[in-house]
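All values reported here derive from a predicted model rather than from experimental measurement.
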Amino acid sequence: MGKLEYNSSHPAIEIDDDTLAHVKILIATKLRRQESFMMTWLPREPGAGRLSAWMHPSIPLVVEFDVEPPPQVLPERLAQMMEQLNARGELVLS
């Protein structure tokens, strides 16, 4: 289970390493283009609702993988996630 720490004012988001590898590329691509977006996820605690964060190039981001080497990135999965993000303007992790 990897971690995505964003803005360090909130606990890190725990994401499985396979998904995190794809999310890392998506976020880097969008922010490199100066394209901000919303990211939504379900916290690990049952009944905690869902959380959203505005992803912006000026806010620090740390990606931490538990495995070495990084998981394989599947181009089809990455393309599907990017399509959904571009269509909605929001990356939803489930």
Side-chain angles (χ1 to χ4, degrees):
M1 186 68 57
K3 294 179 184 169
L4 178 69
E5 185 178 318
Y6 185 69
N7 196 22
S8 69
S9 65
H10 193 277
I13 305 163
E14 292 186 355
I15 305 172
D16 69 86
D17 285 324
D18 288 329
T19 301
L20 186 57
H22 293 80
V23 168
K24 175 186 163 190
I25 293 170
L26 286 177
I27 291 173
T29 300
K30 296 296 274 185
L31 297 183
R32 185 179 62 246
R33 296 175 183 164
Q34 299 295 310
E35 297 175 6
S36 301
F37 61 95
M38 187 69 70
M39 185 173 85
T40 299
W41 67 97
L42 300 174
R44 292 275 174 211
E45 305 82 33
R50 63 183 200 163
L51 299 169
S52 294
W54 183 246
M55 305 301 280
H56 188 274
S58 68
I59 300 173
L61 179 69
V62 176
V63 178
E64 178 183 334
F65 290 94
D66 278 346
V67 296
E68 180 64 38
Q72 179 182 4
V73 174
L74 304 173
E76 304 83 23
R77 183 177 182 189
L78 191 59
Q80 180 183 28
M81 291 173 76
M82 186 63 84
E83 272 183 36
Q84 290 175 352
L85 171 55
N86 288 333
R88 300 186 225 189
E90 178 179 25
L91 176 60
V92 179
L93 304 177
S94 53

* To do: Work out which heavy atom in F65 is nearest to a heavy atom in A21; give both atom names and the distance.
  => CE2-N, 3.6 Å
* Asked: Would M38 end up clustered with I59 when hydrophobic side chains under 4.5 Å apart are linked, directly or stepwise?
  -> no
* To do: Any chance you could measure L85, atom CG, to T29, atom OG1, to the nearest 0.5 Å?
  => 10.0 Å
* Cluster question for you: counting only ILVMFWY and a side-chain heavy-atom cut-off of under 4.5 Å, with indirect links fine, are V73 and M81 together? -> yes
* To do: State, with a plain yes or no, whether a side-chain heavy atom of N86 is found less than 4.5 Å away from one of F37.
  => no
* Side-chain contact test, heavy atoms from C-beta onward, threshold under 4.5 Å: evaluate it for M55 versus L91 and give yes or no. => no
* Structure fact -> Here the gap from W41 atom CH2 to I15 atom CD1, rounded to the nearest 0.5 Å, amounts to 8.5 Å
* Asked: Taking only residues two or more places apart in sequence, or in another chain, which ones meet R77 in a side-chain hydrogen bond (donor to acceptor under 3.5 Å, both in side chains)?
  -> T19
* Asked: L51 and M39: same hydrophobic cluster, using ILVMFWY side-chain contacts below 4.5 Å?
  -> yes
* Restricting to pairs with a member in residues 10-19, which pass salt bridge (Lys or Arg N to Asp or Glu O under 4.0 Å), not counting sequence neighbours? -> E14-R44
* Asked: Honestly curious: do L74 and L78 fall in one hydrophobic cluster under the side-chain, below-4.5 Å linking rule?
  -> no
* To do: Could you check V63 against I27 for side chain to side chain contact (heavy atoms under 4.5 Å, CB included), going step by step and ending with a plain yes or no?
  => CA-CA 11 Å; V63 178; I27 291 173; over 6 Å; no
* To do: Measure the spacing between NZ of K30 and CD of E35 and express it to the nearest 0.5 Å.
  => 4.0 Å
* To do: Kindly determine whether T40 and E90 satisfy side chain to side chain contact (heavy atoms under 4.5 Å, CB included), including the steps that lead there.
  => CA-CA 7 Å; T40 299; E90 178 179 25; 2.2 Å; yes
* Kindly compute the distance separating NE2 (H22) from CD (Q72), expressed to the nearest 0.5 Å. => 8.0 Å
* **Nearest atoms (heavy-atom pairs only) where H56 meets L31** => C-CD2, 3.8 Å
* How far apart are the closest heavy atoms of S36 and W54, and which atoms are they? -> CB-CZ2, 3.3 Å
* Looking at residues at least two apart in the chain, or sitting in another chain, which of them share a side-chain hydrogen bond (donor to acceptor under 3.5 Å, both in side chains) with K24? -> none
* Structure fact -> NZ (K3) and CG (L20) are apart, to the nearest 0.5 Å, by 11.5 Å
